[in-house]
2 protein chains.
Amino acid sequence: MDAMDWALLRELQADARLSYSELSRRVHLSPPAVAERVRRLEENGVVTGYHAHVDLARTGRDVIALVTMSCYGATCLLLDEAVPGWPEVMEIYRVTGDACSVLRVATASMEAFETVIDRLGKYGQPSSTMVLSTPLPWQPVLPLP
Amino acid sequence: MDAMDWALLRELQADARLSYSELSRRVHLSPPAVAERVRRLEENGVVTGYHAHVDLARTGRDVIALVTMSCYGATCLLLDEAVPGWPEVMEIYRVTGDACSVLRVATASMEAFETVIDRLGKYGQPSSTMVLSTPLPWQPVLPLP
DNA sequence: TGTGAAAAGATCTAGGT
DNA sequence: ACCTAGATCTTTTCACA
């Protein structure tokens, strides 16, 4: 992970669709050398994927919430392989504290959100905090000073 | 937003670096037609960007936390344009409830995390929950049934 | 690790249905 | 809105430093 790798990460985090030749211009390296370095960043698991980001509101997901689950024991949500497949569940974090996990949930309506909460109730006690807006939806990973 | 748009969104969320010709094979449409539809999805703000995702642990960010900020009033964190620029702050959500916002923070060490908390203390009361692991780091936005 | 050059493949533009 | 086709640009491969 030298300065060149960080330069490539910076560019690919900002725009994952940049061509190798455009990348090569920006970091001052030949296209094959860029391709080789990017391949290694992928192989070493530094880059975990390239994803288009989608505006939730513009795709009909008007209700977004952070749901804190308290469900220690055999019924814990984290033990069920199926939950990460629910399309309303965008992220799951296992956390310290009174709760066991935090989920980011996005549904089309409050009614749809209610049925997700009902389904989550099988695993433990859900506690919901509604997201009003997202002042910072995403920030690239940069080298820390 | 017809079935073809959803097919393109599905593919570009799974792999943002797919070429238009590879996309055209997968959705059974000519490359120029694919390019035109993708251009419109970008223009309409449905697609907000294409981003390489980076493994935080493999880039030296060993401490991840969800920090809930209670800071209503003139000193509120959400009023300071500078905070979204801090490299340790990966996401900011404005939320309902006793708190005003939730931040996802990633630092190299507990010591570095402590200094971020100290800096956040200027805006209000931070309450930290540590992230032990991330069973679901990301889920694509799919059309809901 | 890196480069340069040639083959293979992708994109863009134009004209047509 | 979509397709085809040709010109241009990009990616990939490979010999070599």
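Letters A, B, ... mirror the listed sequences (proteins, then strands); counts begin at 1.
Ion pairing of B/Glu36 with B/Arg39 is present here, as a side-chain N (NZ or NE/NH1/NH2) and a carboxylate O approach within less than 4.0 Å. Between B/Arg25 and B/Glu22 there is a salt bridge, since a side-chain N of the basic residue sits under 4.0 Å from a carboxylate O of the acidic one. Residues A/Arg17 and B/Glu42 are not paired through a salt bridge, judged by the lack of any N-O separation under 4.0 Å between the basic side chain and the carboxylate.
A/His28 has its NE2 atom 17 Å from the C1' atom of C/dT3, to the nearest Å. In this structure, the CD atom of B/Glu22 is 15 Å from the C1' atom of C/dA8, given to the nearest Å. One can place CD of B/Glu36 at 14 Å from C1' of C/dA14, the figure rounded to the nearest angstrom. Note: CZ (A/Arg17) to P (C/dC12) measures 9 Å, nearest angstrom. The CG atom of B/Leu18 sits 17 Å away from the P atom of C/dG9 (whole-angstrom rounding). Across the protein-nucleic acid pair, A/Leu29 atom CG and C/dG4 atom P stand 11 Å apart, rounded to whole Å. B/Arg39 has its CZ atom 12 Å from the P atom of D/dC2, to the nearest Å.
By the 6.0 Å contact criterion, CZ on A/Arg94 is open, its count of non-hydrogen atoms from other residues, nucleotides or ligands being 12 or less.
At C/dA10, one or more side-chain N or O atoms of B/Arg25 fall inside 4.0 Å of OP1 or OP2 (strictly under the cut-off). Between C/dG9 and B/Ser21, no contact under 4.0 Å exists linking OP1 or OP2 to a side-chain N or O. OP1 or OP2 of D/dT11 has at least one side-chain nitrogen or oxygen of A/Ser19 nearer than 4.0 Å.
For the pair A/Arg37 and B/Tyr20, nearest-nucleotide mapping onto DNA chain C gives the more 5' position to A/Arg37. Taking for each of B/Pro32 and A/Pro31 the nucleotide of DNA chain C with the nearest heavy atom, the 5'-most of the two is the partner of A/Pro31.
Within 4.0 Å of A/Arg40, counting heavy atoms only, lie sugar-phosphate atoms of the nucleic acid but no base atom.
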